[in-house]
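Notes for the one structure printed next.
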Amino acid sequence: MSDSTMVRTRFAPSPTGFMHIGNLRTGLYSYLYARKHNGTFVLRIEDTDRERFVEGATEMIYSTLAKAKIDYDEGPEKDGGYGPYIQSERKELYKKYAEELVAMGKAYYCFCDKERLESLKDENGVRTYDKHCRYLSKEEIDAKLKSGAPYVIRFKVPDNVVSSYTDLVFGEISVATEDLEDIILLKSDGMPTYNFANVVDDHSMNITHILRGVEYLSTTPLYNLIYDAFGWQRPTYIHLSPIMKDAQRKLSKRYGDANFEDFVKRGFLPEAIVNYIALLGWCPKDNTEKMTMEEMIEKFDIDGISKSPSIFDETKMRWLNGEYFKEMPFEQYYEMAKPYIAKAELKGNYDTKEIAFLMQTRTEILDDIPEKIAFLDNFGDYDLEWYNHKKMKVDLEVAKKCIEAWLQEIPNTAWDEESIKASMGIAAEKAELKAGQVMFTVRLAMTGTQITPGGAVEMAIILGKEESVRRLNVSLEMINKAL
RNA sequence: GGCUCUGUGGUCAAGCGGUUAAGACACCGCCCUUUCACGGCGGUCACCCGGGUUCGAAUCCCGGCAGAGUCACCA
């Protein structure tokens with residue numbers, strides 16, 4: 001692409017709460033596209049809706065982008081000559097442009113009130129504006145304006161034209177203008193509608209490629225008509241299918257659990273979240289799944305963007321997150337895991353570092369840690385059914401023998417991997433059991449947990465000899481009672 | 001309801017007129033580990049339906065069906 005240096009994309013979130021991941025993905029793709037083409041990525045805050053404005057939400061946008069490592073070249077506090085980048089600070093622009101359009105005869109004042117508009121509803125409750133004010137005489141308009149009657153400015157959609165454009169993902173989209181309404185550009189309070197503000201901003205910020213949700217796919221012809229009316233160059237569009245909660249419902253803020261910040265709090269790594277959502281609706285040519293931001297930039301291409309909606313799968317994101325932990329240097333994992341180990345509020349005097357060491361390859365999300373190490377403190381009632389292991393040929397009887405055998409041979413001096421392992425082997429041999437049977441049984445008897453962060457030897461070491469023996473006796477008693 | 005879009009295993013997805021229809025998650029099994037996990041290997045599971053076009057269709061066309069989006073002085 002010869003004009004690749006000219007690429008300018010933008011991300012334009014509204015400060016209305018937490019950043020949900022569908023939204024973040026749109027920002028990510030805009031970012032990737034800009035970086036891929038050595039373009040400029042701009043952040044614009046669309047805060048014209050005072051009703052939905054949420055305190056602190058703007059800061060949330062900044063912090064989310066920072067954690068996600070999506071850095072913008074232009075934006076609030078980062079002027080690139082196209083500012084201001086906060087929509088509420090650009091008010092004058094819109095009015096000026098709307099009036100310009102009226103002067104050109106491509107927009108008009110409309111004085112219709114709510115009641116009249118309401119009366120236009122059809123049997124389905126769908127309302128279409130009948131263009132009533134489009135045909136007001138000059139005298140009527142002047143008189144109304146002079147009388148101070150409230151008005152809006154509406155766009156004059158050309159009659160009987162088919163407006164088409166080529167979306168880079170969806171291909172050619174055509175809509176007949178008779179299906180388009182004379183939309184409002186400027187509201188009666190002088191503020192622009194979202195649609196109009198968007199067109200004006202994107203044009204005046206010289207945005208060349210617009211990446212946004214598919215919900216705009218069929219209204220884009222209308223946007224284009226506005227560009228045309230001004231004689232502005234139309235941007236290139238890249239519409240993105242939504243991320244769904246299930247086949248029917250879109251992932252939205254209302255479900256609350258789909259926002260970036262919550263995932264981070266639960267122990268998902270920002271880079272894993274970003275990596276995962278990049279894969280929802282996009283697939284690189286070589287099918288790579290685990291990618292760094294740099295790799296994503298390098299591999300990003302419009303061709304790999306899918307047209308159909310994708311359902312968010314937390315299970316897969318958990319898996320990916322776990323992959324990130326596995327390849328992380330231990331010290332880094334240790335620092336991250338510490339607070340979560342502390343969360344378990346273990347009363348025993350355990351080696352935190354040792355716990356972290358055992359947990360690293362067994363962690364999908366940090367939030368799972370407390371639960372997985374809870375057995376260190378909580379030991380007692382567990383299901384004796386767990387001793388029945390068909391393949392290992394263990395049942396309650398065998399379990400009893402295993403525990404008793406090891407108790408006989410338990411190391412008296414050293415309490416380390418070598419001696420513990422050896423003692424288990426000897427115990428098995430003497431009792432004519434398999435070492436695997438002893439280890440399996442003893443691990444269960446010491447932890448009361450089916451899946452533990454380590455084998456029998458590790459569990460014995462971390463619990464300490466005294467506690468290990470105590471628990472073995474408790475388990476033995478439980479088994480004896482059941483037999 | 002009008003208009004626009006979408007439709008490959010449970011999920012993410014590759015596929016771009018000729019493939020035994022990839023791969024990943026999940027699930028199941030085996031191996032490794034004398035025990036948990038990790039890891040390795042293997043398995044079950046898919047082209048929405050019906051018509052065309054073509055020697056040949058998951059791929060192109062038409063129709064149905066299903067789902068989504070949109071039709072605000074919200075963004």
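All values below were derived from every heavy atom in this structure, side-chain atoms included, with hydrogens, water molecules and symmetry-related copies excluded. All chains are named by letter (A, B, ...) in the order of the sequence lines, taking the proteins before the strands, and each is independently numbered beginning at 1.
Put simply, A:K421 has a side-chain N or O that comes within less than 4.0 Å of OP1 or OP2 on B:rU34. The phosphate of B:rU6 has OP1 or OP2 within less than 4.0 Å of a side-chain N or O from A:K307. A sub-4.0 Å separation between OP1 or OP2 of B:rC31 and a side-chain N or O of A:K391 is present. Using a 4.0 Å cut-off, some side-chain N or O of A:K187 falls inside it from OP1 or OP2 of B:rA75. In this model, the phosphate group of B:rU70 is not approached by any side-chain N or O of A:R127 to a distance below 4.0 Å at OP1 or OP2. OP1 or OP2 of B:rU6 has not a single side-chain nitrogen or oxygen of A:S241 nearer than 4.0 Å. Side-chain N/O atoms of A:K372 include none lying less than 4.0 angstrom from OP1 or OP2 on B:rA37.
Side-chain atoms of A:Y276 do not come within 3.5 Å of backbone N or O of A:W319 as any donor-acceptor pair. In terms of modelled atom types and a separation under 3.5 Å, the side chain of A:E371 and the main chain of A:D368 share no donor-acceptor contact.
A:C112 comes within 4.0 angstrom of a base, heavy atoms only. Among the protein residues, A:Y194 comes within range of the nucleic acid bases, having at least one heavy atom under 4.0 Å from a base atom. Among the protein residues, A:T449 comes within range of no part of the nucleic acid, since none of its heavy atoms lies under 4.0 Å from any strand. Using a 4.0 Å heavy-atom distance criterion, A:G125 is classed as making no nucleic acid contact. At the heavy-atom level, A:T452 lies under 4.0 Å from base atoms of the strands shown. Looking at heavy-atom distances under 4.0 Å, A:Y276 makes no contact with the nucleic acid at all. If you check every strand for non-hydrogen atoms under 4.0 Å, A:D246 touches nothing. Counting non-hydrogen atoms under 4.0 angstrom, A:A456 reaches a base of the nucleic acid. Heavy atoms of A:E289 sit under 4.0 angstrom from at least one base atom. Within the 4.0 angstrom heavy-atom criterion, only backbone atoms of the sugar-phosphate kind lie near A:K326; the bases stay farther away. Among the atoms of the strands shown, only primed sugar atoms or phosphate atoms (P, OP1, OP2) are found under 4.0 Å from some heavy atom of A:D179. Within the 4.0 angstrom heavy-atom criterion, only backbone atoms of the sugar-phosphate kind lie near A:M392; the bases stay farther away.
Going from the P atom of B:rA21 to that of B:rA57 covers 14 Å, rounded to whole Å. Rounded to the nearest Å, the gap between the C1' atom of B:rU53 and that of B:rG63 is 15 Å. Taking the C1' atom of each, B:rG10 and B:rA26 are spaced 8 Å apart, rounded to whole Å. Between B:rC16 and B:rC61, the distance separating the two P atoms is 16 Å to the nearest Å. Separating the P atom of B:rU59 from that of B:rC48 is a span of 8 Å, rounded to the nearest Å. Separating the P atom of B:rU11 from that of B:rC27 is a span of 16 Å, rounded to the nearest Å. Taking atom C1' on both B:rC45 and B:rC36, the two are 29 Å apart, rounded to the nearest angstrom. Spacing of C1' atoms, B:rC60 relative to B:rG69, comes out at 26 Å, to the nearest Å.
In this structure, CG of A:L444 is placed 11 Å from C1' of B:rU35, rounded to the nearest angstrom. Rounded to whole Å, atom P of B:rA37 lies 18 Å from atom CD1 of A:I373. For the pair A:F196 CZ and B:rA75 C1', the interatomic distance rounds to 16 Å; values are reported in whole Å. Computed from coordinates, the A:M317 CE to B:rA26 P distance equals 14 Å when rounded to whole Å. Rounded to whole angstrom, the span from the CE atom of A:M291 across to the C1' atom of B:rA13 amounts to 12 Å. When rounded to the nearest whole Å, the span between CG of A:L251 and C1' of B:rA68 equals 15 Å. For the pair A:I461 CD1 and B:rC36 P, the computed distance is 17 Å after rounding to whole Å. Going from atom CD of A:Q248 over to atom P of B:rA66 covers 13 Å, rounded to whole Å.
Cation-pi geometry between A:R154 and A:Y129 is met: under 6.0 angstrom from the ring centre, within 45 degrees of the axis. A cation-pi geometry, defined here as NZ or CZ lying under 6.0 Å from the six-membered ring centre and within 45° of its normal, holds between A:R25 and A:Y29.
Comparing B:rG7, B:rC5, B:rC16 by their nearest atom to the side chain of A:S308 picks out B:rG7. Which of B:rU4, B:rC25, B:rU70 sits closest to the side chain of A:T315 comes down to B:rC25. Closest approach to the A:N287 side chain among B:rU11, B:rC71, B:rA22 is made by B:rA22 (side chain taken as heavy atoms from C-beta onward). Proximity note for A:K316 (side chain, C-beta onward) versus B:rC73, B:rC25, B:rA75: the nearest is B:rC25. The nucleotide whose nearest atom lies closest to any side-chain atom of A:L217 is, among B:rU35, B:rC5, B:rA75, B:rC5. Checked against B:rG69, B:rC71, B:rA75, the side chain of A:N195 finds its nearest nucleotide in B:rA75.
Across the strands present, B:rU44 finds no partner; the criterion is a Watson-Crick or G-U wobble pair with both atom distances under 3.5 angstrom. Pairing of B:rA13, defined by two Watson-Crick or G-U wobble distances under 3.5 Å, is not identified with any nucleotide. With a cut-off of 3.5 Å on both pairing distances, the Watson-Crick or G-U wobble partner of B:rG69 is B:rC3. When Watson-Crick and G-U wobble pairs are counted only if both distances are under 3.5 Å, B:rA75 pairs with no nucleotide at all. Base-pair partner of B:rG63: B:rC49 (Watson-Crick or G-U wobble, both distances under 3.5 Å). Taking a pair to require two hydrogen-bonding distances under 3.5 Å in either a Watson-Crick or a G-U wobble arrangement, B:rG18 pairs with B:rC55. Searching all strands for a Watson-Crick or G-U wobble partner of B:rA37 with both distances below 3.5 Å returns nothing.
Remark: the A:Y382 side chain and the A:Y387 side chain contain an N/O donor-acceptor pair separated by less than 3.5 Å.
Side-chain N/O atoms of A:R362 and base N/O atoms of B:rC36 include a donor-acceptor pair closer than 3.5 Å. With hydrogens and angles ignored, no donor-acceptor pair closer than 3.5 Å exists between the side chain of A:S310 and the base of B:rC12.
The structure places CG of A:L185 at 7.0 Å from CD1 of A:I153, a figure rounded to the nearest 0.5 Å.
Of the residues near RNA chain B, A:W319 and A:I311, the one whose nearest nucleotide (by heavy atom distance) lies more toward the 5' end is A:I311. Annotation: of the two residues near RNA chain B, A:E323 and A:G304, the 5′-most nearest-nucleotide partner is A:G304.
A:F312 and A:F263 have tilted rings, their planes meeting at an angle from 30° to 60° on a 0 to 90° scale. Between A:F357 and A:F330, the two ring planes are perpendicular [angle over 60°; tilted spans 30° to 60°].
A:H239 pairs in a side-chain contact (heavy atoms from CB on, under 4.5 Å) with only one of the listed residues (A:L168, A:T220, A:L211), which is A:T220.
The shortest side-chain heavy-atom distance between A:L180 and A:L225 falls under the 4.5 Å cut-off.
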